[in-house]
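Shown next, in structure tokens, is the structure this report addresses.
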Amino acid sequence: IEDIMKEEWFYKPFENKKAYWSNPFEWENQHIFTYSIPVYINNKNFAVIATDIYLSALEEQLSKINFLYSGYAYMLDNNLKLIIHPHEKSMLGKNFFNIVTNITTTKEDMLNNETGFLEYGFKENKIATWFRLQNGYYMILVVDKNEVLINVKKETMNSIIMGVMFLIISIGILYIY
């Protein structure tokens, strides 16, 4: 039992006096992380309730998040390292800021805020929003910038055409009267 008491999933909930999420680790050829909560009786440490969560199950759920044509979701850990990505398995474990280029936010901004918006380069120019989860990890929702801008360009063109048509009709009405 003393060996168990040295495990982070056991002592961290008592140390922090709140639920604890471990960083992902490998166990029986699976990547998992542990969620554990402290149990107190009469304000004294009594037990820890813990569960292991397989990253593959979380990956499966994230892979179902799709929007527009190119949009998808991925996750960073609390140190901004890539832990789940539907397309870039070779980048797992690498720091987000070492992977992307031309990023419009800072590490400090992400570490000190709960949500944010950013643009960055990685193969294509990306637009993303991020939010911090309860465990300190980051959920990133991203889409190719060109996909978003093409809709903006279409709407801008429609507005210009409508404006020109309105101007022509207005001039025609003024000319008649």
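Just so it is clear, the values below take in all heavy atoms, side chains as well, and ignore hydrogens, waters and symmetry mates.
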Identify, with sequence neighbours excluded, every residue that meets salt bridge (charged side-chain N to carboxylate O under 4.0 Å, His left out) alongside Lys89. Glu59

Rounded to the nearest 0.5 Å, how far apart are CG of Leu82 and CE of Met75? 10.5 Å

Where does the angle between the aromatic ring planes of Phe33 and Trp21 fall among parallel (under 30°), tilted (30 to 60°) and perpendicular (over 60°)? tilted

Can any side-chain N or O of Asp77 pair as donor or acceptor with the backbone N or O of Asn79 at less than 3.5 Å? yes

Tell me whether Thr34 contacts the main-chain N or O of Ser22 through its side chain, where contact means a donor paired with an acceptor under 3.5 Å. no

Could Lys94 and Glu88 be called an ion pair, given the rule that one side-chain N must be under 4.0 Å from one carboxylate O? no

Can you pull the ring pair (Phe, Tyr, Trp, His ring centres under 6.0 Å) pairs that have at least one residue in residues 37-61, sequence neighbours excluded? Phe14-Tyr40

Would you say Thr129's side chain and Gly116's backbone share a donor-acceptor pair under 3.5 angstrom? yes

Sequence neighbours excluded, the answer for side-chain hydrogen bond (donor to acceptor under 3.5 Å, both in side chains) partners of Tyr20 is Glu8

Can the ring centres of Phe96 and Tyr138 be said to be less than 6.0 Å apart? no

I'd like to know whether Lys107 forms a side chain to side chain contact (heavy atoms under 4.5 Å, CB included) with Asn95, so could you lay out the CA-CA distance, the side-chain angles of the two residues, the decisive distance to 0.1 Å, and finally the verdict. CA-CA 10 Å; Lys107 288 180 188 180; Asn95 188 287; 4.1 Å; yes

Cluster link Leu80 to Met139, ILVMFWY, side chain under 4.5 Å: no

Honestly curious: do Leu76 and Ile65 fall in one hydrophobic cluster under the side-chain, below-4.5 Å linking rule? no

With rounding to the nearest 0.5 Å, note down the distance linking OH in Tyr74 to CD1 in Ile84. 12.5 Å

Should Ile99 and Tyr120 be counted in the same cluster of Ile, Leu, Val, Met, Phe, Trp and Tyr side chains packed under 4.5 Å apart? yes

Between the main-chain N or O of Leu118 and the side-chain N or O of Thr105, is there a donor-acceptor pair closer than 3.5 Å? no

